[in-house]
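Worksheet: one structure, shown below.
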Amino acid sequence: MLDIKLIRTTPELVAQALRRRRSSLDIDLLLALDKQRREILFEAEGLKAKQNEVSRQIPALKKAGKDTTAIFAEMKAISDTIKDMDTKVSQIDLQMQELLLTIPNIPHESVPDGSDDTNNEEQRKVGAPRKFEFEPKAHWDLGESLGILDFATAAKIAGARFTVYKGAGARLERAIINFFLDTHTAQSGYTEVFPPFMVNRNSMTGTGQLPKFEEDAFRVANNDYFLIPTAEVPVTNMHRDEILDGAQLPICYCAYSACFRAEAGSAGRDTRGLIRQHQFNKVELVRFSRPEDSYDQLEELTANAEKVLQLLGLPYRVMLLCSGDMGFSSAKTYDLEVWMPSYGRYVEISSCSNFEDFQARRANIKFKDSQQDKAQFVHTLNGSGVAVGRTVAAILENYQNADGSINIPDVLIPYMGGMTTIPPSQN
RNA sequence: GGAGAGAUGGCUGAGCUGGUCUAAGGCGCACGAUUGGAAAUCGUGUGUGGGCUAAUACCCCACCGAGGGUUCGAAUCCCUCUCUCUCCGCCA
């Protein structure tokens, strides 16, 4: 959510940001409502001041035995007027809130202008895609023939876009989760969090998933709970409606969670394999930062996510997203893309963003350094560290052998109980 | 799921027979005085949002879990909801 004061004082700046976003939203209505609201508020507050003043005198008048019927009649009229005005103001508030919640964040000045992913800028490429002396297979074929991924059974027990992992596959998934968490907590100073996988509506609104993107989420039918699409939601909302001590910043959390996404609107895309699932595992990195530090924090956080890919020996590249391709709440985003032989291209495996005060304003997360200071909004950041299912896919494809067996990356061997390869299929 | 109790400022805790509550007292915290320095003591201050502003100055408005209602006037009375605690039942 943007600051209404910012929109009021520099409407052109906001309008320009919306153009950069390729958004057709219009802020004129919002500005008109804001003006109207302040006019009514000014009048109503004057009446309330009078009401308070008269109320203060009533006990004395009564004590003196004065007749108060005339005053009460007059005050009744004022009271009714105030109620009307309050109703009007709260209606305008509601309307403004609705509008404000649909305005995306302002892109940072370092974000390149552009309409879609073709305008994203490659920052660096790490590791080189392997040259295969044989025809590499896709992970869904490898996984099925090795008996470690079972899409048909998942379809039976749940539906499309679910996977059953078995044997070494299930263990690999678990090994990667533990490896990610251990690496982040040990090397990068994150506090591990294990959050609820369902959250309430306020939390989903706080981080920007609601109200605009309700169709992307799974909602629990009999409660107003939502299955989390990412651990970003519960973890960022841990500090909702709090004023943090500035000395504690930055606060860094990493959290494993299952993630649930309806994938509305992506029918027919990535239908095979682990790439696009209704449920997947992810380790998420979340930071709460001082405003002046947040872009340094973004670089650090991105480096933390890159680190696990480097340790796994997976080739990847870092993309700076352009203004038209960024997520709704983000001011600046780097995507990490891992090399996926079956796709013959790089595929997103992590998205690292600085939201500046956009989420903090929605979720009301502030900090101050001392009693004298005025509380100000923190900056929030998060990034996948990284998506687990896609990591499994990348490992299967990049570490496959001609006979269909899979080498286990060195760093994962301890997590696999010493297993160095997933042996080829027996059948 | 059943029965009961409760939710007040950073914490504790009064108020809850509606009107100096414009929220007492205590603790904590900040600043100052005192001191060689500290403790103790004394003094002053101590939240959030909004309006007005050059202003994080003054002034005004709102906020006693959330949302409604009654009233000239609500922390206080009424209704709904949420959460917490105690007991019972069920349960991994």
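Predicted model, so just to flag it, every value in this text is computed and none were measured. Chain A is the first sequence line, chain B the second, and so forth, proteins listed ahead of strands; every chain is numbered from 1.
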Got a sec: does the NZ of A/K50 have more than 12 other heavy atoms crowding it under 6.0 Å?
no

For B/C85 and B/G28, measure between their C1' atoms and round to the nearest Å.
26 Å

In the structure shown, which nucleotide is the Watson-Crick or G-U wobble counterpart of B/A62, with both distances under 3.5 Å?
B/U48

Can you tell me the pairing partner of B/C31 across any strand shown, Watson-Crick or G-U wobble, with both distances under 3.5 angstrom?
B/G43

Between A/K368 and B/G47, does any side-chain N or O lie under 4.0 Å from OP1 or OP2?
no

Is any side-chain N or O of A/S79 closer than 4.0 Å to OP1 or OP2 of B/G73?
yes

Among B/U48, B/G50, B/U70, the one nearest A/R37 by side-chain distance
B/G50

Heavy atoms from C-beta onward define the side chain here; which of B/G50, B/G49, B/C72 lies closest to that of A/K76?
B/C72

Applying a 4.0 Å non-hydrogen cut-off, can you work out what A/R8 is touching in the nucleic acid: base, sugar-phosphate, or nothing?
sugar-phosphate

Checking base pairs now: Watson-Crick or wobble, both atom distances under 3.5 Å. What partners B/C11?
B/G26

When the P atoms of B/C79 and B/A62 are compared, how many Å lie between them, rounded to an integer?
26 Å

Across all strands shown, which nucleotide pairs with B/U70 by Watson-Crick or G-U wobble geometry, both distances under 3.5 Å?
none

Per nearest nucleotide of RNA chain B, the residue lying toward the 5' end, A/N52 or A/F42, is A/F42

Separation of the P atoms in B/G19 and B/A75, to the nearest angstrom
10 Å

Now, which nucleotide makes the Watson-Crick or G-U wobble pair with B/A54, with each of the two distances under 3.5 Å?
none

Counting only side-chain heavy atoms from C-beta out, which of B/C60, B/G19, B/G51 sits nearest to A/A49?
B/C60

G-U wobble or Watson-Crick pairing nucleotide for B/G89 (cut-off 3.5 Å, both distances):
none

Crowded around A/M238 CE? As in, over 12 foreign heavy atoms under 6.0 Å?
yes

OP1 or OP2 of B/G49 under 4.0 Å from side-chain N/O of A/K374:
yes

Could you tell me whether the side chain of A/L396 reaches within less than 4.5 Å of the side chain of A/K137, counting heavy atoms only?
no

Using the ring of each side chain (for Trp, its six-membered ring), is A/H239 parallel, tilted or perpendicular to A/Y253, with breaks at 30° and 60°?
parallel

Mapping A/P59 and A/D34 onto RNA chain B by nearest heavy atom, which one lands closer to the 5' end?
A/P59

Can you find a heavy atom in the side chain of A/D293 that is under 4.5 Å from one in the side chain of A/L249?
no

May I ask you to say what A/K50 touches in the nucleic acid, namely base, sugar-phosphate or nothing, with a heavy-atom cut-off under 4.0 Å?
nothing

Considering every strand and a 4.0 Å limit on heavy-atom distances, what is the contact class for A/L41: base, sugar-phosphate, or nothing?
sugar-phosphate

Counting distance alone, no hydrogens or angles: does the base of B/G73 have a donor or acceptor under 3.5 Å from a partner atom on the side chain of A/Q51?
no

Identify whether any heavy atom of A/I78 sits under 4.0 Å from a base atom; if not, whether one sits that close to sugar-phosphate; answer base, sugar-phosphate or nothing.
nothing

Please determine if a side-chain N or O atom of A/R56 lies less than 4.0 Å away from the OP1 or OP2 oxygen of B/G73.
no

Who does B/G37 pair with, Watson-Crick or G-U, both distances under 3.5 Å?
none

Do you see a donor-acceptor pair shorter than 3.5 Å between the side chains of A/T207 and A/E232?
no

